[in-house]
Amino acid sequence: MMVEIIVFTLGLVLLIKGSDYFVEAASRFAKGFGVSEFLVALVLASIATTLPELTVSAISSYHGNPDVALGNAIGSALANIALILGVSSLIHPLDVEKTAWRNSLFMIAVTAYSGLLMYDGTISRLDGASLIAIYFGFLYYLYKKHMTLEDLPEEGRGDPRRDGLIMLVSGILVVIGAEFVVDSAVKMARAFGVPEVVIGLTMVSIGTSLPEFTNSVTATLKGLHNVGVGNMIGADILDILMVIGVAAVIHPIRVDPSIYAFTLPLTLLVMAILTAVLRLTGRINRLTGTVFLAIYSYFLYVYFTGGVNLPGG
């Protein structure tokens, strides 16, 4: 068991550090080709911080563990808001742009759509492809609405070849780390007799959300509240559309009843609370953060005490 714990920890380190190097290199790489700062921050940051979830879920699905793949995606989406924004808002209330709630509303819409796909108990390859298509449609919308090309001075371009190599190496580190996390998590789950879906929804989802957690807390401490909240909303959109979508295209996902009956509704609840407070006040205060953390604590308590009431179970 000690070996599995060490491998799991090593895997998380590779995931986190690999993602850190990836986002830094990707940002410099994009600047080297004169891409707007907005697009770099909005797209590459959320992709890089969600890279662990995407890789873990894809590898889990490829290895025939779809419970881990889906559980990791939904669990990460819940953790991003209830845990990460909860902690961040306790450190300092988060004031964000008035338009943030519209992106949050889109997040709810795609999450609800994923729930519809889960209704028959399976997310098919066609279902997964539709999720991926929606994400690329979302990117196209952002491109048409926000993207501009900027002429940057030569000294701001960096070395695209070097940054491209760093992206490749760091991406490999993330893949290796994901392999370690998935393998060790499944072994620990089986050793303790814990259902793999529980490990995916808790240990793996929290572990792979650490890049988002680090970014959000750092942004909060620096007063960059829009960065922290925007990263969480963008990461959740990626979790639902790309993480689940890619995993389903690789291997159809059998939906664990506990995800559909308990975790998904709880995730939609915290998303609805977030959207409401952003729409009404444009701020996530400490009271809202406390509510988020209370909900997440309840989520952990129910799963670890085996208190989920499953239909027909």
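Side-chain atoms are counted along with the backbone in the values below, which use heavy atoms only and exclude waters and symmetry mates.
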| remark: S124 and A248 have their tightest heavy-atom pair at O-CB, 3.7 Å
| request: Indicate the atoms forming the closest heavy-atom contact of R286 with I91, along with that distance. | output: NH2-O, 3.4 Å
| D236 to A77 - nearest heavy-atom pair and separation | OD2-O, 2.9 Å
| field | N/O donor-acceptor pair under 3.5 Å between T281 side chain and L278 backbone | value | no
| request: Give the cluster check for L165 versus I172: same hydrophobic cluster or not, with ILVMFWY residues linked at side-chain heavy-atom distances below 4.5 Å. | output: no
| field | Point-to-point distance, once rounded to the nearest 0.5 Å, from CE of M118 to CD1 of I123 | value | 4.5 Å
| remark: Between N80 and A235, the two heavy atoms sitting closest are ND2-CB, 3.7 Å
| Verify same cluster id: Y298, Y296 (apolar side-chain graph, 4.5 Å) | yes
| About how many Å separate CG of L139 and CE of M242, when rounded to the nearest 0.5 Å? | 8.5 Å
| query | Under a 4.5 Å cut-off applied to non-hydrogen side-chain atoms, are M107 and L274 in contact? | reply | yes
| Nearest-0.5 Å distance that lies between atom CG in L168 and atom CG in D163 | 12.5 Å
| note | dist D239:CG -> L54:CG (nearest 0.5 Å) comes out at 9.0 Å
| Where the side chain of T9 meets the backbone of I5, is there a donor-acceptor pair that is under 3.5 Å apart? | yes
| request: Identify whether Y119 and L241 are in the same connected component of the hydrophobic contact network (ILVMFWY, side-chain heavy atoms under 4.5 Å). | output: yes
| message | Are V243 and L126 connected into the same hydrophobic cluster when the rule is that any two of I, L, V, M, F, W, Y join if their side-chain heavy atoms are below 4.5 Å apart? | response | no
| query | How close do V181 and G11 get, heavy atom to heavy atom, and via which atoms? | reply | CG2-C, 3.7 Å
| field | Side-chain touch I273/I295, heavy atoms, less than 4.5 angstrom | value | yes
| What is the distance from atom CZ of R283 to atom OG of S89, rounded to the nearest 0.5 Å? | 10.5 Å
| task | Using the six-membered ring wherever Trp is involved, compare the ring planes of F262 and F299 and label them parallel, tilted or perpendicular (cut-offs 30° and 60°). | result | parallel
| task | Assign the ring pair Y135 / F138 to parallel, tilted or perpendicular, where the plane angle (0 to 90°) is split at 30° and 60°. | result | tilted
| said: Y113 vs L131, test: side-chain contact (heavy atoms from CB on, under 4.5 Å). Steps then yes/no. | reply: CA-CA 9 Å; Y113 173 66; L131 291 171; 3.7 Å; yes
| request: For residues T122 and I253, determine if any side-chain heavy atom of one lies less than 4.5 Å from a side-chain heavy atom of the other. | output: no
| request: Please step through side-chain contact (heavy atoms from CB on, under 4.5 Å) for the pair L293 and L90, ending with a clear verdict. | output: CA-CA 10 Å; L293 289 175; L90 287 184; 3.3 Å; yes
| said: Between W101 and L280, is there a side-chain heavy-atom distance shorter than 4.5 Å? | reply: no
| field | Check against side-chain contact (heavy atoms from CB on, under 4.5 Å), L85 and I284 | value | CA-CA 8 Å; L85 285 185; I284 306 172; 4.1 Å; yes
| field | ILVMFWY network linking V291 to L269, side-chain heavy atoms under 4.5 angstrom | value | yes
| said: Could you go through D256 and S258, starting from their C-alpha distance and side-chain angles, then the distance that decides it, and tell me whether this counts as side chain to side chain donor-acceptor pair (under 3.5 Å)? | reply: CA-CA 5 Å; D256 189 282; S258 66; 2.5 Å; yes
| said: Can you tell me how far apart OG1 (T275) and CZ (R102) are? Round to the nearest 0.5 Å. | reply: 12.5 Å
| request: Compare all side-chain heavy atoms of D183 with those of H63 and state whether any distance is below 4.5 angstrom. | output: yes
| message | Counting C-beta onward and ignoring hydrogens, is there a side-chain heavy-atom pair between M188 and F8 closer than 4.5 Å? | response | yes
| Taking it one step at a time, do S130 and L117 satisfy side-chain contact (heavy atoms from CB on, under 4.5 Å)? | CA-CA 10 Å; S130 72; L117 298 181; 4.1 Å; yes
| remark: Closest heavy-atom pair, I237 versus N103, reported as atoms and distance to 0.1 Å, is CD1-O, 4.1 Å
| Tell me, do L78 and I74 make a side-chain contact under 4.5 Å, heavy atoms counted? | no
| said: Quick one: does any side-chain atom of S114 pair with a main-chain N or O of T111 as donor and acceptor, under 3.5 Å? | reply: yes
